[in-house]
Amino acid sequence: MSAQDQALCQSLPKAPDEHGLSAALILLFAIAVGVIVTNLFAPQTLVGAIGMSFGLPEAASGLVAMAPLLGYAAGLILLVPLADLVENRALVLRMLLCAIVAAALAAVAPGLPALLVLMFALGAACSAIQILVPIAAAMAPPARRGAVIGDVMSGLMVGILLARPLASLLADAWGWRGFYVVSAGAMALLAFVLAGNLPRRRPEAPASYPALITSLWHLLRQEAVLRRRALSAALVMASFSLIWTVVALRLVQPPFLLGQRGIALFALVGAGGALATPLFGRFGDRGWTRPATLTSHLLLLGALALLGWAGTNDHLAMPVTLAGLGLGVFVLDVGVTGDQTLGRRAVNLLQPEARARLNGLFVGIFFLGGALGSALAGLSWAWGGWLGSCGVAAGFGLLALAVGRRR
């Protein structure tokens, strides 16, 4: 085990939570975060359909993908700290209720401004994910914490990666509004199941809400690991969000000419990247955090090089270039998954009494990176097309590589 990991492990509690953590409960956590997170990434493949519905120009299409990610970041900073103040089970259920209402209203939004506000609110409510993950982490024995986080995160990554094909299939069948109808129903069912199975967790911090919010800045200043891992994750997430926003625009062009159903099938390829999540969690448990982080960043850069090549070689046979794009997004997702899993593990090894706030900061910062990438997607596409977008994404990847090499 590395010296860094040994130092981090010293801050862990010496025994697991009194409730224990069964395999069935881990599965429930994984399913829950997977269902909720689809709301954040589905708009990346719905940008075309929503843009056509409201007459949105391509250069501004990134606003649709950006709104839920900005809302999520706001929820992580303003709502998730409540998990260190109030009972967690009740908080999760109330936030899920807000998400259900926001999704249902999004399905009948009369115009783009109302839809963007509802997407922001839905994203904020979906930050309940980052209350569920610390609950699972707190219940796991220290020696298995990385593995448990990796298992729960596999559900999160499957949700992220399946959000796009699911949204495309639903849009093909019932239009983009159909996705939000299905999402509201799925979250209502999830809330019912969680109400009967989610254990109660009372926080240890006795501070007031203003004190907790103020403490976020102090935590960020105190924890160098948090700053480094959050910045790395934000840069990687910016690259990820940018590519997955513009890939839907590229696939409708020659030589691919894919519809929503074809885009859905293509997006399924990337879902396989979620299989790497538990693997990277176990790498961290074995003390291989630094080499595994370096590997994840190199995979991301290699994937972007392949994507840039495959998306601009129109003289090759279409199945060849489409296969190149598919392999590129698969490797891209593996690299992003590795960085985020290792970063989340490192953050959950810090101050246990502030675990929800630390998670909120970590994920809030990297989702700000995702929002930035989504916002730049439309601009990079209008400026440089596919190759220009891959170049901007690679710039984020190079910065992440530089940050990851710092001690």
Output all residues satisfying ring-ring contact (aromatic ring centres under 6.0 Å, His included) with Phe367, sequence neighbours left out; order by chain, then residue number. Phe41, Tyr72

Drop me the distance from [X]'s [atom1] to [Y]'s [atom2], to the nearest 0.5 angstrom.
{"X": "Met237", "Y": "Leu368", "atom1": "CE", "atom2": "CG", "value": "11.0 Å"}
{"X": "Leu216", "Y": "Leu76", "atom1": "CG", "atom2": "CG", "value": "10.5 Å"}
{"X": "Phe396", "Y": "Leu235", "atom1": "CZ", "atom2": "CG", "value": "7.0 Å"}
{"X": "Leu198", "Y": "Leu132", "atom1": "CG", "atom2": "CG", "value": "6.0 Å"}
{"X": "Arg229", "Y": "Leu361", "atom1": "CZ", "atom2": "CG", "value": "16.0 Å"}
{"X": "Arg250", "Y": "Thr312", "atom1": "CZ", "atom2": "OG1", "value": "8.0 Å"}

Ionic contact status for Arg282 with Asp151, cut-off 4.0 Å: yes

Holding to side-chain hydrogen bond (donor to acceptor under 3.5 Å, both in side chains), I want the full list of residues that pass it with [X], two or more places apart in sequence or in another chain.
{"X": "Thr295", "result": "none"}
{"X": "Glu87", "result": "none"}
{"X": "Ser380", "result": "Ser389"}

Mind listing the closest non-hydrogen atom pair of [X] and [Y] along with its distance?
{"X": "Arg89", "Y": "Pro199", "result": "CB-O, 3.8 Å"}
{"X": "Val392", "Y": "Leu242", "result": "CG1-CD1, 3.6 Å"}
{"X": "Glu223", "Y": "Leu358", "result": "CG-CD2, 4.4 Å"}
{"X": "Leu78", "Y": "Pro81", "result": "C-CD, 3.9 Å"}
{"X": "Leu93", "Y": "Ala191", "result": "CD2-O, 3.7 Å"}
{"X": "Ser239", "Y": "Leu304", "result": "OG-CD1, 3.5 Å"}

Quick one: sort the Trp386 and Trp381 rings into parallel, tilted or perpendicular, breaks at 30° and 60°. perpendicular

Stepwise side chain to side chain contact (heavy atoms under 4.5 Å, CB included) test for Leu325 and Val329: CA-CA 6 Å; Leu325 287 176; Val329 296; 5.7 Å; no

Side-chain contact test, heavy atoms from C-beta onward, threshold under 4.5 Å: evaluate it for [X] versus [Y] and give yes or no.
{"X": "Asp333", "Y": "Trp244", "answer": "yes"}
{"X": "Leu399", "Y": "Leu231", "answer": "no"}
{"X": "Pro68", "Y": "Pro43", "answer": "yes"}
{"X": "Leu294", "Y": "Leu401", "answer": "yes"}
{"X": "Asn88", "Y": "Arg200", "answer": "no"}
{"X": "Ile135", "Y": "Phe29", "answer": "yes"}
{"X": "Leu28", "Y": "Leu25", "answer": "yes"}

Where do Val33 and Gln130 land on the side chain to side chain contact (heavy atoms under 4.5 Å, CB included) test, with the steps shown first? CA-CA 9 Å; Val33 298; Gln130 301 308 325; over 6 Å; no

Which residue pairs pass the ring-ring contact (aromatic ring centres under 6.0 Å, His included) test with at least one member in residues 158-185, sequence neighbours excluded? Phe54-Trp176

With a cut-off of 3.5 Å and sequence neighbours excluded, list every side-chain donor-acceptor pair involving residues 96-123.
none

Main-chain N/O of [Y] paired with [X] side-chain donor or acceptor, under 3.5 Å:
{"X": "Ser374", "Y": "Gly370", "result": "yes"}
{"X": "Asn197", "Y": "Val193", "result": "yes"}
{"X": "Ser241", "Y": "Ala238", "result": "no"}
{"X": "Asn39", "Y": "Ile36", "result": "yes"}
{"X": "Thr45", "Y": "Ala42", "result": "yes"}
{"X": "Arg227", "Y": "Leu220", "result": "yes"}
{"X": "Asp339", "Y": "Ser296", "result": "no"}

Between Val236 and Phe366, is the side chain to side chain contact (heavy atoms under 4.5 Å, CB included) condition met? List the steps. CA-CA 8 Å; Val236 167; Phe366 88 63; over 6 Å; no

Any donor-acceptor pair under 3.5 Å linking the side-chain atoms of Arg345 with those of Gln340? no

Under 3.5 Å, is there a donor-acceptor pair linking the side chains of Arg177 and Ser53? no

Would Arg344 and Val363 count as a side chain to side chain contact (heavy atoms under 4.5 Å, CB included) here? Give the steps. CA-CA 8 Å; Arg344 192 184 298 270; Val363 185; 3.7 Å; yes

Evaluate whether atom CZ of Arg94 has more than 12 neighbouring non-hydrogen atoms of other residues, nucleotides or ligands under 6.0 angstrom away. no

